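Just so it is clear, the structure is predicted and the values come from calculations on it, not from any experiment. Computed from heavy atoms alone, side chains included, the values below leave out hydrogens, waters and symmetry copies.
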Amino acid sequence: MTSSTAWQKSSYSEATGNCVEIRTHDGMIEVRESDRPADVITTTRTKFEALLRGVKARGFERAT
């Protein structure tokens, strides 16, 4: 039996639907772009949380 939640998008997303969406599916995290819903990236909760920590810490910005 598979278990999924509904796709969710950020409250910062555009009204036109250009956004990144996430959901849980069978204990994994799935990520997709709303304009390409067939292209889904699947990862673990641990790896997704590490990505979010890096983004919040601005760890992916390029030096200018």
Enquirer: So, using salt bridge (Lys or Arg N to Asp or Glu O under 4.0 Å) as the criterion, who are the partners of Arg45 when residues are at least two apart?
Expert: none
Enquirer: Between Glu33 and Arg36, does the salt bridge (charged side-chain N to carboxylate O under 4.0 Å, His left out) criterion hold? Intermediate values first, please.
Expert: CA-CA 5 Å; Glu33 289 190 49; Arg36 297 192 60 148; over 6 Å; no
Enquirer: Partners of Ser11 by side-chain hydrogen bond (donor to acceptor under 3.5 Å, both in side chains), sequence neighbours excluded?
Expert: none
Enquirer: If you round to the nearest 0.5 Å, how far is CD1 of Ile41 from CD1 of Ile22?
Expert: 12.5 Å
Enquirer: Could you list the residues that satisfy side-chain hydrogen bond (donor to acceptor under 3.5 Å, both in side chains) with Ser10, not counting sequence neighbours?
Expert: none
Enquirer: Return the minimal non-hydrogen interatomic distance between Trp7 and Val40, and the atom names on each side.
Expert: CH2-CG1, 4.1 Å
Enquirer: Could you check whether any side-chain N or O of Thr5 sits under 3.5 Å from a backbone N or O of Thr24, counting only pairs where one atom can act as donor and the other as acceptor?
Expert: yes
Enquirer: Calculate, to the nearest 0.5 Å, the distance between atoms OG1 and NZ belonging to Thr42 and Lys47 respectively.
Expert: 11.5 Å
Enquirer: Partners of Arg53 by salt bridge (Lys or Arg N to Asp or Glu O under 4.0 Å), sequence neighbours excluded?
Expert: none
Enquirer: What I'd like to find out is whether the side chain of Phe48 reaches to under 4.5 Å of the side chain of Met28, using heavy atoms alone.
Expert: no
Enquirer: For Thr44, check side-chain hydrogen bond (donor to acceptor under 3.5 Å, both in side chains) against everything at least two apart and list the hits.
Expert: none
Enquirer: Is the closest basic N to carboxylate O distance between Arg32 and Glu21 below 4.0 Å?
Expert: yes
Enquirer: Quick one: list whatever passes side-chain contact (heavy atoms from CB on, under 4.5 Å) with Val20, sequence neighbours left out.
Expert: Val31
Enquirer: Any side-chain heavy atom of Arg23 sitting closer than 4.5 Å to one from Ser4?
Expert: yes
